[in-house]
Amino acid sequence: MCVSLFPCVRMRELRTRDGCVRIFCSLNQDDRTYMQEQSAFYQLSGTTAILLLAGFYGLTFLMSLMIGKKKENVDSYMVSNNAVGFGLSAASMIATWIWAASFYASATSGYQYGLSGPIHYGFWGALMILFIYPYGRRFRALAPKAHTLAEVMHARHGTSSQLIMAVSNLLGSCISLMVNFTAAGALVSVLSPLSFIQGVLIAGLGVLSYTLWSGVRASVMTDFAQLVAMILAAVVIIPLIFFNAGGTDMLAANWSNLSSEQSDFFSTKAILEQGAPYFVAVLAYAIGNQTIAQRLFAVREDLIKSTFLTATVGYGAVVIGLGMLGLLALFVGLTPADGDMNNIIPQMASTYLPPFGIALFFILVVGSLSSTADSDLSALSSIMMTDIYGKNMARGTPNPKRMLWWGRVTMIVATMIGVVFASLRLDILVMLVFVGALWGAIVFPVIVSFYWDKVTNKAFTTSVICAVVLFAIARFELLPLEGVIAVLFELCASVGMGVVIGLMTFAFFNRKIAIFVAIATVIVALPNAVGFLRDYPVLLSSLTSYGISALVCVAMSWNNKERFDFSLLAERVTSFQKNADNDQETSTSVNGDVVPARA
């Protein structure tokens, strides 16, 4: 007879058909209360934590030294000369997409919404990587040498559209940086004797050390190593927690811990509160975030499709797997310490993993937040180098050495800002919501600007401003969502549904099919949305942002008589620097040699 003993507050014995006796947690409400009162995180020793952090960041720093150049090329620093191969680019895309917030949020989704929670978080996020690659190919075909999407918007529309893109990207990357540094501080303070501030400082200095000199090249190469470490850790940690918590027998015995909604794989509550809002949000993230655009412009153009398809599968598998830890926490009846959902994964690791497993978990989280933090630093530097200095301050004739100086100073300043704000433990939810709305507001105007030659700068700018204003009104309920006001917002949100589904259809089918699907979606949504969506302000506000931006942009561009020549984008967006065989650096005008568009 085999016996499995697992750490728990109270045990239940279950004899299986094969004669094994499994002893596992089966917690009723009294058990949960007792566990909450007695819960304590297992802590690594201070020496162990420092060695793990020093080893992780030390190895990544040594990797960055291998690719350093005595005379750095600005285009290589920002987009690796548009020549990153398949393996590195796919791994970098996956690692960048898996950031600290999604790492914990996936588990929270599983804990709150049960069976469908991890699927809603991981599947929709992966699907957006898939749906964005056709648009990415269009972006690269029209502007093969682009560094940022804002730079292309400058060539397409002008300064105001460019600055809207650039400012939204700057805000988003700064907030992402703060979130990742905050997660690092929280992890270190929970699982080691080190303080929160010490954790934030170590993460900030560690990420800056290997990203500062080589920019996106260092970020992409270290992303590969970090992803390998994350996958190896996840492959060990997730099954270990599952079996130490009781395995399939525990699931069968504790099924009663799930509510009717949580046990329903097609839960309406999970779809409306988690699936649909996240589905809408990640489409905005894919278009509005410079970290994704930077990898799109860095990968070889002929490898875009294979890179994004691989990233789709890789991201979905890792994040859904991590979300299962939240589902297991729900089954065993775990109560998050201090009511903080972000403690779910650390608690599960602390309760069901041996010390070496907790060390692996430590590396898993540090790797996930570092891979996104270095991407944020690279994105911020490229925006400052291209959109602030190159296109505005230098007025089209930038000095490559000065551009590099701007990029590295930006990284240092951004790290300092991220560390300071993370140290204050500010509530950044409102800022995240605002930036998410801004990204949602720009999705339709950005995409349509690459296909419809009648879109104007005024239409782009006005549509984004209107969308952000109405989003704020709906999301923060600045006006009561009732009566005529609620109906108007629900009508706009119905249009937003059509826009989202239409854009996804247009990614793979022609314009006529996409328009038909969008109109059909609006017709079906209208009778169901009115009187219903007002009860879900997060979803209502996000869809309103899409709907209003599309309506205003189309209305203002419809009668425009001027037609834009898309071949001009390749002429206006070129490399900032060209290297001769002897590595001699020369300054070039932004309006350099013409590269024909391949639209």
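Nothing here was measured: the structure is a model prediction, and the numbers come from that model.
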After noting the C-alpha distance and the side-chain angles of R295 and D223, does the key distance pass the salt bridge (charged side-chain N to carboxylate O under 4.0 Å, His left out) rule? CA-CA 12 Å; R295 276 143 187 78; D223 279 348; 3.4 Å; yes

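A heavy-atom distance below 4.5 Å is found between the side chains of R408 and W213. With a 4.5 Å cut-off on side-chain heavy atoms, I237 and L353 count as touching.
Side-chain polar atoms of S449 and H157 form a donor-acceptor pair below 3.5 angstrom. If you check the side chains of S195 and S189, you find no donor sitting under 3.5 Å from an acceptor. Defined by atom type and a distance below 3.5 Å, a donor-acceptor pair is missing between the side-chain atoms of Y121 and T108. Using modelled atom types and a 3.5 Å distance limit, the side chains of H154 and D387 yield no donor-acceptor pair. No side-chain N or O of S378 forms a donor-acceptor pair with one of S375 less than 3.5 Å apart.
Centroid-to-centroid, the aromatic rings of F576 and H147 come within less than 6.0 Å. Checked against the 6.0 Å centroid threshold, F450 and F566 do not count as a close aromatic pair.
The only option from L53, I50, L44, V365 that meets the side chain to side chain contact (heavy atoms under 4.5 Å, CB included) definition with V188 turns out to be L53.
The cationic atom of R300 (NZ for Lys, CZ for Arg) does not lie both less than 6.0 Å from the six-membered ring centre of F86 and within 45° of the ring axis.
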